[in-house]
Amino acid sequence: MGDNSQALVGDLLTELYIGGEAVPAGDGGRFDVLDPATGDVVASVADGTVDDAIAAVDAADKAAAAWAATPPRARAEILRKAFELMTAQSEDLARLISLENGKALPDARGEVAYAAEFFRWYAEEAVRDIGSVTTAPSGANRILVVHQPVGICVLVTPWNFPAAMATRKIGPALAAGCTVILKPASDTPLTALAMARILAEAGVPAGVVNVLPARRSGAVVSAMLHDPRVRKLSFTGSTEVGRVLLKEAADQVINTSMELGGNAPFVVFADADLDAAIEGAMIAKMRNAGEACTAANRFYVESPIAGEFGRRLAERMSALTVGPGTAEGTQVGPLVNQDAVDKVDSLVRGAVDGGAKAVVGGGRPDRPGFYYDPTVLVNVHPDAPILKEEIFGPVAPIVTFDDEDEAIRLANDTEFGLVAYVYTGDLARGLRVTERIESGMVGLNRGLVSDPAAPFGGVKQSGIGREGGHEGMLDYVEAKYIAVEW
Ligand code: NAD
């Protein structure tokens with residue numbers, strides 16, 4: 001960790017943030033946050049307990065009525081201010097993300113801009129939350145539909161976008177008039193705590209946003225989901241944990257939004273603009289070193305161009321600069337922790353044992369920290385686990401196909417359905433294929449889909465609900481129907 005990073009960390013909030021105050025954990029416990037570039041300890045953070053979780057619900061409950069009654073314009077102005085503060089502090093925030101998550105600074109800067117935009121977007125949505133009045137078909141009465149805040153929300157976020165996954169939930173929740181408890185991933189709690197400070201400075205009243213870092217995530221989240229005051233769970237993370245939380249939420253029939261894992265196919269037809277496809281592949285694969293739910297996980301390339309596509313992708317991958325995320329010039333930072341490296345390595349080993357060839361990379365560089373080499377695999381067996389599981393690392397497995405039906409069959413051969421990418425020069429074919437692909441989102445001749453103004457989310461086991469866009473706000477309101485005669 002460099003001197004700049006030390007100065008950055010010295011000023012950070014590292015306690016729990018409950019009721020507008022920094023409070024130590026109930027049992028005084030703390031846990032370490034590591035720098036993935038070195039494995040060194042960056043900071044120690046309060047480790048929330050079940051009692052702390054209930055204290056956070058108390059705080060959210062105390063603040064709920066006043067926040068719901070705060071005029072939408074006032075809520076909007078606070079969110080707008082949070083956008084401005086985040087933008088003004090973007091460089092420090094980017095360095096902090098890079099420090100605790102490992103991602104390269106350009107990726108971290110991109111994340112801060114994306115994350116801040118959720119506050120701006122939902123500042124605008126807060127004043128456009130429109131209900132409806134219609135006449136009942138019988139003519140007997142009017143049907144009024146008004147939106148009310150869903151209530152106290154528990155927000156659980158992953159480590160791969162520590163700022164954006166938080167703002168994508170906090171923005172619409174606050175716009176809708178809800179109070180929240182954010183439980184960040186234990187690898188990356190510092191960014192979440194920094195966001196709490198920004199929101200307080202922007203004017204968010206005490207108790208409206210509470211942040212509860214906790215290593216005992218199962219116990220603290222479960223306690224909150226069994227508190228009758230909690231009405232909403234919004235979770236972003238793995239499908240495996242999502243399934244557990246859906247079951248937990250069932251006990252109190254809690255409203256849930258689930259943003260889960262992906263296994264994105266990247267389909268390239270022979271008529272595609274190959275320059276654009278390579279460019280898109282680099283973005284879809286290498287943003288965040290592959291640690292994105294939207295990361296291209298499987299490349300399906302039509303046979304006549306597969307050789308050239310593989311060669312060109314390998315050339316681009318081997319030219320990337322790997323290094324500490326916080327160092328200027330780094331394009332690929334370390335992965336988040338040792339487990340992540342081990343998982344990527346075992347998937348690559350499995351593919352190679354099954355007959356695949358690494359045309360570039362295929363192992364870990366000889367340096368401290370949690371690194372993996374940018375890797376391109378060809379001749380991957382269709383049953384290889386690397387095509388079934390999220391790689392979450394800088395590895396691109398390539399499989400060839402011979403016609404449109406085969407491409408669609410391969411793309412849909414997964415229980416996931418978050419995003420897919422399709423490259424073709426024939427727009428009619430592109431639209432036809434995107435309609436048949438089972439995913440919540442498609443990038444058509446584009447390697448990046450995430451946009452705060454668009455509904456982000458998956459089908460099949462990639463999730464329930466949408467974040468971003470107008471749809472994202474609807475996940476935080478209940479539509480109340482009033483049958484009225486006048
Ligand atoms: P994870 O499921 O391990 O953890 C996510 C969060 O849940 C963390 O805060 C973690 O502490 C908490 N958690 C873990 N076990 C828990 C339990 N039993 N009870 C309650 N909380 C628990 O996921 P991760 O490793 O942090 O993130 C990577 C995963 O997130 C990938 O699968 C990725 O695809 C997914 N993801 C999805 C989206 C999306 O929008 N669909 C976005 C980003 C990441």
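Read the numbers this way: they start at 1 and go in the same order the structure lists the ligands and their atoms. The shown structure was predicted, so the numbers you read here are calculated from the model rather than taken from an experiment.
Scanning the protein heavy atoms around atom 13 (N) of ligand 1, the nearest turns out to be Ser217 OG, 3.6 Å. Scanning the protein for heavy atoms near atom 12 (C) of ligand 1, the closest one is Val156 CG1, 3.8 Å. Of the protein's non-hydrogen atoms, the one nearest atom 9 (O) of ligand 1 is Thr157 O, 2.7 Å. Taking atom 19 (N) of ligand 1 as the reference point, the nearest protein heavy-atom neighbour is Gly218 CA, 3.4 Å. At the top of the distance list for atom 41 (N) of ligand 1, counting protein heavy atoms only, stands Leu260 O, 2.8 Å. Atom 27 (O) of ligand 1 has its closest protein heavy atom at Pro158 CB, 3.2 Å. Of the protein's non-hydrogen atoms, Val241 CG1, 3.5 Å is the one closest to atom 16 (C) of ligand 1. Annotation: atom 36 (N) of ligand 1 to nearest protein heavy atom, Cys293 CB, 3.5 Å.
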Does the side-chain contact (heavy atoms from CB on, under 4.5 Å) test come out yes or no for Arg128 and His470, once each step is laid out? CA-CA 9 Å; Arg128 286 167 182 62; His470 175 61; over 6 Å; no
Give the intermediate values and the outcome of side-chain contact (heavy atoms from CB on, under 4.5 Å) for residues Leu212 and Asp52. CA-CA 8 Å; Leu212 189 81; Asp52 295 323; 3.8 Å; yes
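In this pair, Trp159 and Phe392 present their aromatic rings perpendicular. The plane angle is above 60°, beyond the 30 to 60° band.
Proximity to Asn160 (heavy-atom distance under 4.0 Å) selects the following atoms of ligand 1: 43 (C), 44 (C). Interface of Thr236 with ligand 1, defined as ligand atoms under 4.0 Å from a residue heavy atom, comprises 5 (C), 36 (N), 37 (C), 38 (C), 39 (C), 40 (O), 42 (C), 43 (C), 44 (C). Each of the atoms 41 (N) of ligand 1 lies under 4.0 Å from some heavy atom of Leu418. For ligand 1, the atoms lying closer than 4.0 Å to a non-hydrogen atom of Pro184 are 9 (O).
Remark: atom 23 (O) of ligand 1 lies closer than 4.0 Å to at least one protein heavy atom.
In Glu467, neither the side chain nor the backbone holds a heavy atom less than 4.0 Å from any atom of ligand 1.
A donor and an acceptor atom, one from each side chain of Asn210 and Tyr17, are nowhere located under 3.5 Å apart. A side-chain donor-acceptor contact under 3.5 Å links Lys169 and Thr236.
Annotation: salt bridge (charged side-chain N to carboxylate O under 4.0 Å, His left out) contacts involving residues 184-200, sequence neighbours excluded, are absent.
In this structure, Asp373 does not pair ionically with Arg364, as no charged nitrogen and carboxylate oxygen lie closer than 4.0 Å.
In terms of polar-atom proximity, defined here as any N/O pair under 3.5 Å, Glu390 does make such a contact with ligand 1. Considering backbone and side-chain atoms alike, Trp159 places an N or O below 3.5 Å from some N or O of ligand 1.
Closest to atom 2 (O) of ligand 1 by heavy atom, among Ala214, Ser238, Pro213, is Ser238. When the heavy atoms of Phe392, Phe456, Phe161 are ranked by distance to atom 33 (C) of ligand 1, first place goes to Phe392. Ranked by closest heavy atom to atom 35 (C) of ligand 1, the top entry among Gly237, Gly261, Ser450 is Gly237. Of the options Arg168, Lys183, Glu259, the smallest heavy-atom separation from atom 10 (C) of ligand 1 is shown by Lys183.
With Lys103 as the partner, the side chain to side chain donor-acceptor pair (under 3.5 Å) test is satisfied by one option alone out of Thr326, Asn288, Thr330, Asn160: Asn288. Results of the side chain to side chain donor-acceptor pair (under 3.5 Å) test with Ser257 over Lys232, Arg466, Glu467 single out Lys232 as the only residue that passes.
Crowding of Gln338 atom CD: a count of heavy atoms from other residues, nucleotides or ligands under 6.0 Å exceeding 12.
Note that the CE atom of Met165 and the OH atom of Tyr114 stand 5.0 Å from one another [nearest 0.5 Å].
A cation-pi geometry, defined here as NZ or CZ lying under 6.0 Å from the six-membered ring centre and within 45° of its normal, does not hold between Arg120 and Tyr122.
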